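In what follows, a single structure is set out as structure tokens and then discussed.
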Amino acid sequence: MIKKGLVLFGYDKPNRYSWSILMGYLENNSQLMETYDFIALPFQLYKSPQHSSKIKEIPFQNYDFVVLAFSLLSIQMNQFKEFSKSTPYFFNQFHPKIFTVAGGPHVTASPQEFQNLNVDFLIPGEGEIGFSQLLHTLYNASQDLLNYPMLNGVIQLKPKYSPGLPAKIIELGVTPSFSEKFRLFGPIEISRGCPYRCKFCQTGCSSNKMRHVPIQTVLQNVKRASEVKFDKVWFLTPNAFAYGSPNGITPNIEAVQELLTGISQINSIKGIYFGTFPSEVRPESVTREMLEIVTPLMTNRKLLIGAQTASNRLLKSIARGHSIEDVITAVDLMDEFGIGAEIDFIFGLPGEIEEDIQANISFFNQVLTNKVKNVRIHTHTFMPLPGTPFENENPGIIDPRISHIIGKLAKAGKAYGEYQAQAGLVKTRYDQK
């Protein structure tokens, strides 16, 4: 009988974009496709006790071993730890040989947290090459006496700790950011990394150089996607208006124009959503020249802008790299072009004082009274993320005056978001149900 492995992972929010990209990479490896079956479950594996009936439908007896794969954000760690500690051997009732692999932003920032959890391997950073190499190694290793070599970008925790070799960086766009074989689709990835080192954010702290998928490669991937699934396209990038920029800071207007023009000429694409969720634009990159280019080519009539606070003092303290005046200038320019703004704000940032709270309240009042027009506030509460300069700070506390005015904005349709859940006032959408 031919040896066969099984890989299980949860294709659910908030990790589905990561899995679309990873499986788009893996499905192009014919050897892995022959030696493994991959099953994407519509829920997180750490919720498996709540979905045991679905798990029982899987024919585990057909496989020599099983790989449980997790991609984890920091906000998911409480649930993952609860599952790992309370039911560490849940899947062993279905198969005796289980390997657990974890990757994602939290693994990248805080791998040491996993040494006492029921995890065999970690893949920090970009996971395409490391996960592929690990699967090849697991398949070829003796199942009686595992002697793993050191792999690029893979940390081994069991049976003994091994740090692995430095991760290899892939060339972006060589494989599409979606999986046609497994029908896992997400936004088209066009860039990775961020040159800014905002003190609250993991992205720039883990990869501070911005890399771009070449224009012709993006167009090929969009065309391919349009033939199997897409008639509308979204993008995955830390800053849409920085696409093609050599330094990730100075906008490359010609590259953006060429990209969007090329996509608009693909007949089956009926909608282009650029600079909106799950990507955003930095306020200082919103210029008249950029808006003149993108407005006729993009379908969305709003842009997602990262502001984080209306206080210039606090913006400087958190190393944001722009001012509140940049935000207001961007909003005014966008309004001229008929483009609305959804603006990210984070409440309870480290070092926040009365002056900063008043600056936010003043700005929100201008939004509420339409002095700042065509704006919705996207609300967040500060959460200390590992791997950032603010990782050891206390979680944010929301001033009651901020909650009051956000309530007013929400009733007027001018605010939304999960700031209450992030502050621990209500359950998050990632809590087990």
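From a predicted model like this one, the values you see are computed outputs, not experimental measurements.
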Do [X] and [Y] have side-chain heavy atoms sitting under 4.5 Å apart?
| X | Y | answer |
| --- | --- | --- |
| I293 | L260 | no |
| L259 | F274 | yes |
| F364 | I406 | yes |
| S264 | I272 | yes |

Measuring from atom [atom1] of [X] to atom [atom2] of [Y], what distance do you get when rounded to the nearest 0.5 angstrom?
| X | Y | atom1 | atom2 | result |
| --- | --- | --- | --- | --- |
| R211 | I190 | CZ | CD1 | 14.0 Å |
| T137 | L151 | OG1 | CG | 4.0 Å |
| I263 | I269 | CD1 | CD1 | 7.5 Å |
| I339 | N300 | CD1 | CG | 7.0 Å |
| F277 | F235 | CZ | CZ | 15.0 Å |
| L122 | L72 | CG | CG | 9.5 Å |

With a sphere of 6.0 Å drawn around [atom1] of [X], does it hold more than 12 non-hydrogen atoms of other residues, nucleotides or ligands?
| X | atom1 | result |
| --- | --- | --- |
| I353 | CD1 | yes |
| Y161 | OH | yes |
| E171 | CD | no |

List for me each residue that meets ring pair (Phe, Tyr, Trp, His ring centres under 6.0 Å) alongside [X], sequence neighbours excluded, and say none if there are none.
| X | result |
| --- | --- |
| F90 | F94 |
| Y11 | none |
| F390 | F382 |
| F43 | H51 |

Where the side chain of [X] meets the backbone of [Y], is there a donor-acceptor pair that is under 3.5 Å apart?
| X | Y | result |
| --- | --- | --- |
| T100 | V119 | no |
| Y243 | V213 | yes |
| N247 | T250 | yes |
| H212 | G244 | yes |
| S226 | K223 | yes |
| Q156 | K158 | yes |
| T388 | L385 | yes |
| T108 | G125 | yes |

Exercise for the section: Identify, with sequence neighbours excluded, every residue that meets salt bridge (charged side-chain N to carboxylate O under 4.0 Å, His left out) alongside E352. Expected result: none
Completion exercise
salt bridge (charged side-chain N to carboxylate O under 4.0 Å, His left out) filter on E258, not counting sequence neighbours, yields none
Exercise for the section: Name the orientation class of the two ring planes belonging to W19 and F9 (parallel below 30°, tilted from 30 to 60°, perpendicular beyond 60°). Expected result: parallel
Problem - Aromatic ring pairing W234/Y273, orientation class (parallel under 30°, perpendicular over 60°, tilted between) - result: parallel
Please name all residues satisfying side-chain hydrogen bond (donor to acceptor under 3.5 Å, both in side chains) with [X], sequence neighbours left out, ordered by chain then number.
| X | value |
| --- | --- |
| N370 | K414 |
| H136 | N29 |
| S74 | H106, Q202 |
| K81 | E113 |

Problem - Worked verdict on R192 versus E189 for salt bridge (Lys or Arg N to Asp or Glu O under 4.0 Å) - result: CA-CA 8 Å; R192 285 188 194 178; E189 184 179 35; 2.5 Å; yes
Exercise for the section: Say whether E354 and Q358, considering side chains only, have a donor N or O and an acceptor N or O under 3.5 Å apart. Expected result: yes
Problem - Face-on cation placement of R282 at Y196 ring, 6.0 Å and 45° thresholds - result: yes
Handout entry: Qualifying residues under side-chain contact (heavy atoms from CB on, under 4.5 Å), relative to I328, sequence neighbours excluded
Key = I324, D332, F363
Practice task
Among residues two or more places apart or on two chains, list those pairs meeting side-chain hydrogen bond (donor to acceptor under 3.5 Å, both in side chains) that have a residue in residues 334-343.
Solution key: R288-E336, K302-E342, E342-R376, E342-Y416
Problem - Candidate pair E292 and F337, rule side chain to side chain contact (heavy atoms under 4.5 Å, CB included), full reasoning - result: CA-CA 8 Å; E292 286 173 346; F337 285 81; 3.7 Å; yes
Handout entry: Derivation of the side chain to side chain contact (heavy atoms under 4.5 Å, CB included) call for I346 and T309
Key = CA-CA 6 Å; I346 303 176; T309 176; over 6 Å; no
Practice task
For residues F347 and H380, establish whether the separation of their ring centroids is below 6.0 Å.
Solution key: no
Exercise for the section: Mind running side chain to side chain contact (heavy atoms under 4.5 Å, CB included) on R313 and E355 for me, showing each step along the way? Expected result: CA-CA 9 Å; R313 189 201 71 84; E355 171 188 334; 3.8 Å; yes
